[in-house]
Amino acid sequence: MKSLLRHPSFPTLLKNDPMRKITPYILLATSLLSVSTVMAHEPSFIDMPSQLLLKSAMGVQNTSIVANDQAWLIPGVMLGGESTPQSSGTAINDLQLFGRLNLEGDYYLGSKIGFHQHQGEGELELENYWFGKYFKFENSILKIDVGKTATDVTPTANYHSSQDEFNTKPLLAEAFFGGHHKDTGVKANWYWHELEVGLEAWNGDSWPTSSSKGNVAGFVRYHGFIYGVKTDVASWYSAGKAEQRIDSRYDSGHSHSATTITAPDVRFTGDVAMAGSYVLLSQQVNDDFLWLAQWEWMHSEQDGKIEDTTQSAGIDQTLDGYRFMLGVNYQTHKFFVQQEYLAINNKFTDASTSLIEQQGLYNQGFEPQRLMFGYHWQWNADFTLRIESVSDKTQSYQDGLDKTQQYWSLGLIWQHKLL
Amino acid sequence: MRTLKIGLLIRIVSLSAALFCVTGCEQDSSTIIETSSDNRSVREILDLPDHMPTPAIPDFNPLTNAKIQLGRFLFYDPRLSANQAQSCASCHNQSLAFADGIAQPLGSTGHQLVRNSQGLANVIYHSTLTWSNDGFLELEDQLNVPIRADNPIELGVTDAKLDEVLLRFEQDPQYVEMFAMAFPDSDSNITMNKIIFSLASFVRTMISASSPYDQYLAGDKSALTQQQIKGFQLFNGEKFECFHCHSGINFSSSYRDANTASDAIQFPFFNNGLYNVGGDGSYPSDDQGLYDLSLNPADKGFFRPQSLRNIELTAPYMHDGSIATLREVIEHYARGGSLTESGINAGDGRLSPLKSGLIQGFDATDEEIDAVIAFLESLTDEEFITSPKFSNPFEE
């Protein structure tokens, strides 16, 4: 039996030690805290003017990785929220109207109206709206936001096609955040020199938490320059709960007729803890040339029970995800390559294999992966043309073979400052 | 100076971590199932395949091989009926998955029963027992009925006959020994309780889990034909709707196993539109299902959704054996209820006010009906109906 707790970064921590999850973060946090720099530096949002911004991404994709009448399943992973891959054809992948209004006394309002299209159906929603204030102290700034927004623990949790390098959602966002995070809560960000510390308290309605059972998160982040390299390093932790959480990705406008065999109807109740770290490096070498490198690791533990219409079992799941990206920009041309990788370790207690398999939770030795190559041509400040090629190996097939699916997509990103 | 060193350190740490993933990402996916020791011992005794959940065994009557063995003898022994004319097996025949192939059987004294003999495959996974009784939660409660009831009489071991029947076993040295082995901690008396506990233990072992459908679940994707797979999809689809009531591994939403929390057990009963006597949803007056116990008019015609395992073998169908074939059962559902054209039970079940909302009727082609029947036939378990574990020990 392989140890489920084997993790490359922290091989020596003991299984039942409650510090096991947080020790690495404390270590990283203390090391970050001891970085002291001379230059005071104001975070960008302080000067952000009142504005109304339109961002959009549209694209055409040649094939879908799942058939129209099938659910996208990653063996062993409980998917939910809005984790659905883009299907073939043309689509408005993302349309956002972002507004910010600065008020007297360092108060501001923000809102974001979003339009997403999947499974051929579009949906317009008031995705985010928040109210914020910042407090300036001698050496530091505290910012408080209240409302329906997204977490700051990692940019990957807040993926939007119009802001990201790729039109395809990161596999990590799909597997860990149900596509992207979106919840009602309070965020406090404290900036001191190059350091940022964030504490967040959420309702707990964003996948993988559910039913307003609460979710707290925190992170420590360093962003500054080291040897001329723009460096953004952070570690984060979040803990919440889920109750009778169900995969409702296909609940609307989706026919169940042919998919009931595989579409999971399992409900999860239990604790959800997540953690992660990332390192984003980039360097503007000269006016023409920039390179970037990103590494990210996410980890989640879901401990509780699963139930389908009749059977139930205990589950203790750990999910690890890695993302690695390299990129170069040369004048108006940008090239990216991103590799993502998941490892799923499921431990069930008193479970029948029929429950596990019918719910798609069986995974022995299959590590889902996605490799993407992207090219952007930014032909002016508002328009970017992009092409990407994706090799997706996230599904397993009845015949037991793990097929790699290949597709490309061509897209346009357009952003415009309306006000 | 200090700043730079630490900055460098961070860079080295994170870059090496990054490199680790690029080169290694050595982490593998895995699935492990752990079984608690209670469950493990039950699974061992039952020799349960991995795809089956562990059944719930009551604490007051743990499974032992000695009780199971004794129960098997008792099940086939006509001495358990007052007039020695019938045994359990008279109405529960192994080759018919422990049903009897007739609409409504006669008891040992010739008394006409109003209900159809149920097959006994996987009885243990039902949350309640018999066609319609929300109070029979354990076999130990329910088995008093066939043995002891006087209306209708099945085995007819009424109070007056009890001592006589027990004496038969007390005078048989082989039984005395078997009882002593099955109940080593108690005195040597043979009691009706011990008989029932042993029969219950034997009935709990009657698990059907080797049908082609089971082989399919266990990974043999060729165990079902294309037609059967199609039928399974239709069965689970929103047109036929069968799976809402005939759900899960035992094809019944009346389900529990060792994991089911006591507050989560469901006790479903439905009126599936078989009758509508007088237009108010009534069933024939000799058997109105749950209503006969609760006297609540809304419970008229409420029966437990049956397990469909071995359904091919347990004809005729429904609580009164009123439907002869599987095709007619599906036509009943496709019509949205049965029509009784004339007689005292005349009425159109389709229009019953008490019928479940899940039974709306549907248009199905012959091909679709054939597929669903073919799928239901994949639940026939040859091993179950021939296994020597369940056969008549007196014929060995």
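Values in this document were obtained by computation on a predicted structure and should not be read as measured data. What's counted below: heavy atoms across the whole structure, side chains too, no hydrogens, waters or symmetry copies. First the proteins, then the strands, lettered A, B, ... as listed; each starts at 1.
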Stepwise, does the side chain to side chain contact (heavy atoms under 4.5 Å, CB included) test hold for Glu34(B) with Lys347(A)? CA-CA 7 Å; Glu34(B) 287 185 346; Lys347(A) 187 163 84 182; 3.7 Å; yes

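- Enclosure of atom NZ in Lys239(B) by more than 12 non-hydrogen atoms of other residues, nucleotides or ligands within 6.0 angstrom is indicated.
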Begin with the C-alpha distance, continue with both residues' side-chain angles, and end with the deciding distance and a verdict on side chain to side chain contact (heavy atoms under 4.5 Å, CB included) for Phe348(A) and Ile32(B). CA-CA 6 Å; Phe348(A) 299 96; Ile32(B) 292 171; over 6 Å; no

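- Looking only at side-chain heavy atoms (C-beta outward), Asn250(B) and Thr310(A) stay at 4.5 Å or farther from each other.
- Note that OG of Ser30(B) is 7.5 Å distant from CG of Asn346(A), once rounded to the nearest 0.5 Å.
- Between the Ser29(B) side chain and the Gly365(A) main chain, no donor and acceptor come within less than 3.5 Å of each other.
- Using a 4.5 Å cut-off between heavy atoms, Leu319(A) does not touch chain B at all.
- Only the backbone of Ser252(B) comes within contact range of chain A, judged by heavy atoms closer than 4.5 Å.
- Interface check for chain B: of the options Thr349(A), Leu361(A), Ile344(A), the most heavy-atom pairs under 4.5 Å are formed by Ile344(A).
- Using a distance-only test at 3.5 Å, with no hydrogens or angles considered, a donor-acceptor pair links the side chain of Asn345(A) to the main chain of Asp28(B).
- For the pair Asn259(B) (side chain) and Ser312(A) (backbone), a donor-acceptor distance under 3.5 Å is present.
- Heavy-atom contacts from other residues, nucleotides or ligands closer than 6.0 Å to CD of Glu367(B) number 12 or fewer.
- For Asp350(A) and Ser36(B), the side-chain atoms include at least one donor-acceptor pair closer than 3.5 Å.
- Only the backbone of Leu342(A) comes within contact range of chain B, judged by heavy atoms closer than 4.5 Å.
- Taking OH from Tyr322(A) and CD from Gln27(B), the interatomic distance works out to 4.5 Å, rounded to the nearest 0.5 Å.
- Using a 4.5 Å cut-off between heavy atoms, Thr54(B) does not touch chain A at all.
- Residue Gln364(A) places its CD atom among more than 12 non-hydrogen atoms of other residues, nucleotides or ligands, all under 6.0 Å distant.
- Residue Asp308(A): no heavy atom, backbone or side chain, is found under 4.5 Å from chain B.
- You'll find the side chain of Ile33(B) reaches within 4.5 Å of the side chain of Thr353(A), heavy atoms only.
- Between Gln358(A) and Tyr213(B) the shortest heavy-atom distance is NE2-OH, 3.7 Å.
- Remark: the backbone N or O of Thr309(A) is not paired with any side-chain donor or acceptor of Tyr255(B) at under 3.5 angstrom.
- More than 12 heavy atoms of other residues, nucleotides or ligands sit less than 6.0 Å from atom NZ of Lys230(B).
- Asp257(B) touches chain A through its side chain: at least one heavy atom from C-beta onward sits under 4.5 Å away, while N, CA, C and O do not.
- Atom-to-atom distance recorded for Leu217(B):CG and Glu357(A):CD is 8.5 Å, nearest 0.5 angstrom.
- In this structure, the side chain of Ser352(A) does not engage the main chain of Met52(B) through any donor-acceptor pair within 3.5 Å.
- Taking every heavy atom of both residues into account, His51(B) and Ser354(A) meet most closely at O-OG, 2.6 Å.
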